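Below, read A as the first sequence line, B as the second, and so on, with proteins coming before strands; counting in each chain starts at 1. The model shown is predicted, which means the values in this text are computed figures rather than measured ones. What you see below is based on every heavy atom in this structure, not just the backbone, and it leaves out hydrogens, waters and symmetry mates.
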Amino acid sequence: MNSYDAIVIGAGHNGLTNAAYLAKSGLKVLIVERNPYIGGASVSRELHEGWIYTNCSYVSSLLRPEIYRDLNLAKHGLQVVPFGGGVTLTQSGDYLGSYSNDEARRREYARHSLHDADALDRFSTDVMRYCRFIRPFLLRTPADPTSFRPRDLSELFFLGKKLYELGEEELYEFIRFFTMSIAEFLDEYFECELVKAALSGSGLIGTALGPYSPGTAYVLLHHYMGDIDGNVGEWGLARGGMGSIAKALAGALQEHGGEIRTGAPVAQIRVRNARTKGVVLEGGEEIDAPIVVSNLDAKRTFLTIMDPKDLPDEVLERARNFKITGSSGKLNIALDGRPEFPQLPAGCPLLKGDLHITENFEQLERGYDDWKNGTWSKWPYVDMMIPTLTDPTMAPPGKHMMSIFVQHCPATLADGGWTPDKREAFGQTVIDAIATFSPNFKDLILHTEIRTPHEIEAEVGLTAGNIFQGDLSFDQLMFNRPFPGYAQYRGPVKGMYMCGSTTHPGGGVSAAPGTNAAREILADLGRKNITPEDFGDD
Amino acid sequence: MTDRYDVLIIGAGHNGLVCAAYLAKAGWKVLVLERSDQPGGAAITREFAPGFRVSACAHILHMLQAKVIRDLNLKAHGLDLGGPSIDTIALAEDGNHLTIRQRSIEGAQVTAAEKAAYAAFIERMERHAKALAPQLLKTPPRLANAGLANAMQLAGMGWGIRFGLGKKRMQDFLRIVGMNIYDLLDEVFESEALKGALALDAVLGSAMEPRMPGTVLTYLYRLAGGLKSTLTLPKGGMGSVTAALADAATTFGAEIRTAVPVERVLLEGGRAVGVVLAGGEELRALSVISNADPKTTFLKLVGARNLEAGFAHRIGNLRASGRTAKVHMVLNSLPDFTGLEQDALGNRLIVAASRKYVEDAFNHSKYGEYSDQPVMEITIPSVADPSLAPAGKHVLSAIVQYAPFDLKGGWDAHKDSFVERVVDVISAYAPDFRDKMTLVECLTPVDIEREFGMTGGHWHHGELALDQLFMMRPTYGTAQYRTPIDGLYLCGAGAHPGGGVMGAAGHNAAQAILAGDK
């Protein structure tokens, strides 16, 4: 029988989460995935013999613990291990360690600036306060501020109440925080260029913005609001790679009777009489379901797998105007041994964390200028990890794997599209930059996978390779995500929903969009809510 | 201790004068103290060479609030708005210029579709601007702890936006208000020349570039301020506007003393009770109103040690580093701009060939350099107003961006080469320009700070950024024109709604002070 209660398009982590909740509620659910493997951008694959590459998303923090518990992800094999810390290397041979141990971190900051060591407390307190404010909203459906329905009014009231509880001064500071640039925000606390550069990275990752761009302070929060085992702001590695998250979610889905079909690209969402009927696969096969949930980004959903005549003009226009800017690339490298970074003390634990090589705002901003000029940055902002130092299962014994996230890599170049030659040149720019800090790095390289936005789009299906399925700019957050009037996971056609990072609260492997969408679907079906709402933790 | 005044106003800029006029009209005894030897602040007409006069800073009048003109009867005091409204001409090197009017565009390469798109865009933006406009002449509400009237004002604002705009427009408003103008223009227009020209409107006078979120809001702000007026070049320069204001203020009974720099605000028991002048003279009053920018007011005139530490920290953190220069030139005769008739030279000529041009110009300023190819707003006011230059000769006044206050290497060493860049850029549009121009005065942000006392040489007394606007301008706790110092008020562009020759801040401050009196 080729008929289901619900079909979810795309087996990324949000699609899997959404399907798992629907199945858990008792619906007959099918998830269809165009690739021969599941995971979307939460994927780990053996791309070089003996090495598991986590070749898209590479670290975890935002994954909501409620979902982890609800869906029994531990039982399905998911374990997230905090890696603790990170370091920024400077061209002068020094470094700034970011220890997860507060006291060590303070001493390290004091080595660079006593003033900044003092400011760190104030900074952390303020950012944590904003985190605590924002976290309850991750697992809530945004209110429509133009609506007078009781639900929207009560959600608006909840927002107003939360804001009021901040108190007047904090409220204003919070509003400012939302609209400032990361550079301005950090300038209010710190004096040392290196400290500021090290902290600003989280305001830029995944955006098409520079440190001086308003709105980047909020992006910092987006990277701080997660937690591991209750440690807010901490990041970790999924043992076995990010694919373990997808595998565990798939395990949960199957435990509740859900089905997964890989290698099944959807050609179109079928609509009849303004209602979804199911999907057509590219081979022509039709699968029926009254509910169709798209885990694809808003552009792909509305502009490629839906028939324009099924959609209001307004939705088509908004989908076209939805901003999904390509700005990041990725290098995944198999290493014959452990790369040396002589400027770090022997046995330095910081190497297990994220490594950076940009030491002031100017370098970061110039990287953004390069992007604006249609080229990859000459001195790129990189977020490097050697996950095998924490999780040796990813490579043969004694060997290592390196994951290098590269910021400010355009989706199209000023001199035309990406070509294999340009891709190699981009990769070489990154490798050369890192090699200036690690004398044996180049000799250790056994295999390199270079991914520009072009490759990420072609393989994962993220438009322009945007890791958030849509810019995290404030015209595209909360009730504006993906666009006004459609921010509550429902599409313009009855029975059609969105569950990807293109919806609130956005990307970062939180699984929150998938969960929130499930809650709305269950509500429309009149079924009991089984998804977590709000937060128990805080 | 001769006279007792009700209020002392520090600074006779246009907002100080507006505030003085309103208070004097209400029967208060007002004394305005101006450090320079003429009133007007930065809104003056400046004789930069014998016989040659220009507006010293802002040179186009388009935001002066109709209510202020009416209330203070400025026309009777000599305000001449009779000048013809001028067009904006976006210059193109090949002479295919684009003419932008309030509701239409014209140009050799403008398609009918683009004309229609422009008309629709302006209508859409004006509707949004109309929703904002009523706030310009009101004291911003406080968000908490401020009682029922305040809560009603907040609710009223939300109500006004929801019902003034309707559901669909409100959705559009809530989306674009935080956007950047770069993307918005791209959604609407094809012509890069038009996109560049409109992008300039969003960033003029600020430290922003078109890709920065918040630039749609600054664009709307400009529209909201100028909804009821057109672009005009005030007869006799901007000084004639402040002269009319000064005349109105004194007619209502206010006194203005010039050449009396205020050294500090006199505090007693934490309350502002007067000022101390540079010579040591003490003047007392029931309250003190500062038209100076917030940093000058609080950190220099009051002093950080007299402020709560957190507040002083916030004032210190205000962003007010100017990146706009003003260039004045003597023209021996009108230069020949490619593709422009001579009588078109009385319009607003802008150099902002594309969004990328504006962005590239800005990029230099991020690193402490001046723009290699600056953007400009040029007027030749003597075309319409011969009183500004000797017969047959002309004056050119250009707002030039970006020229960062904290230029690497300092302005003394680089001013000449900067002016050369300006002349080069204009010459690209008017090949004979170099032969026609002679004397040049360049006011960099450093000069503007020194001449007019604006911290950082910032025209708006502080960046018009989302986090420094409305109920957070200059910073929360002092956005209602009152300050944490009892008896001390703000009335300048550093307060809501900001700069531009609007008179709104002065008007609002006067209303807030009068309301507090009751």
In plain terms, say whether B/Lys168 and A/Glu314 are close enough for a salt bridge, that is, a side-chain N and a carboxylate O under 4.0 Å apart.
yes

Greatest number of heavy atom pairs closer than 4.5 Å to chain B - which of A/Thr179, A/Ile175, A/Leu163
A/Thr179

Flag side-chain contact, heavy atom, 4.5 Å: A/Met180 against B/Gln468
no

What pair of heavy atoms forms the shortest contact from A/Glu188 to B/His313, and how long is it?
O-NE2, 3.3 Å

So, the part of B/Met471 with a heavy atom under 4.5 Å from chain A: the answer is both

At their closest point, which heavy atom of A/Pro145 faces which heavy atom of B/Met170, and how far apart are they?
O-CE, 3.7 Å

Rounded at 0.5 Å granularity, tell me how far OG in A/Ser473 sits from CG in B/Asp183.
7.5 Å

Tell me if the CD atom of A/Gln91 is crowded by more than 12 foreign heavy atoms within 6.0 Å.
yes

Just wondering, do A/Asn373 and B/Lys356 contact through their side chains at under 4.5 Å, heavy atoms?
yes

List the steps, then state whether salt bridge (charged side-chain N to carboxylate O under 4.0 Å, His left out) holds for A/Asp144 with B/Lys167.
CA-CA 10 Å; A/Asp144 177 354; B/Lys167 187 180 176 86; 3.5 Å; yes

When the 4.5 angstrom heavy-atom criterion is applied to A/Phe148 and chain B, the contacting part is side chain

Counting C-beta onward and ignoring hydrogens, is there a side-chain heavy-atom pair between B/Gln171 and A/Phe483 closer than 4.5 Å?
no

Could you look at A/Phe479 and say if it's the side chain, the backbone, both or neither that has a heavy atom under 4.5 Å from chain B?
side chain

Nearest-0.5 Å distance that lies between atom CG in B/Asn317 and atom CZ in A/Phe185
11.0 Å

Using 4.0 Å as the upper bound for N to carboxylate O, is an ion pair formed by A/Lys372 and B/Glu209?
yes

Report which part of A/Arg320 has an atom under 4.5 Å of a heavy atom belonging to chain B: side chain, backbone, both, or neither.
neither

State, yes or no, whether a side-chain contact exists between B/Met472 and A/Tyr172 at a heavy-atom distance under 4.5 Å.
yes

Evaluate whether atom NZ of B/Lys130 has more than 12 neighbouring non-hydrogen atoms of other residues, nucleotides or ligands under 6.0 angstrom away.
no

A/Asp313 atom CG: more than 12 heavy-atom contacts under 6.0 Å
no

Of the backbone (N, CA, C, O) and the side chain (C-beta and beyond), which part of A/Ser181 lies under 4.5 Å from a heavy atom of chain B, both, or neither?
neither

Does atom CZ of B/Phe163 have more than 12 heavy-atom neighbours, drawn from other residues, nucleotides or ligands, at distances under 6.0 Å?
yes

Closest approach of B/Pro213 and A/Pro214, non-hydrogen atoms and distance?
CG-O, 3.2 Å

With rounding to the nearest 0.5 angstrom, report the CG to CD distance, B/Asp467 to A/Glu173.
10.0 Å

If I measure from the heavy atoms of chain B, does A/Glu184 come under 4.5 Å with its side chain, its backbone, both, or neither?
side chain

As an exercise: rank A/Gln476, A/Glu362, A/Arg318 by heavy-atom pairs under 4.5 Å with chain B and give me the winner.
A/Glu362

Is a side-chain donor-acceptor pair under 3.5 Å present for B/Tyr367 with A/Glu365?
no

Considering only heavy atoms, which portion of A/Tyr368 lies under 4.5 Å from any heavy atom of chain B: side chain, backbone, both, or neither?
side chain

Residue B/Arg175 versus chain A: region with a heavy atom under 4.5 Å:
both

Please check if the side chain of A/Asn480 supplies one atom and the backbone of B/Leu174 the other of a donor-acceptor pair under 3.5 Å.
yes

Sort B/Asp360 into side chain, backbone, both or neither according to what part of it lies under 4.5 angstrom from a heavy atom of chain A.
side chain

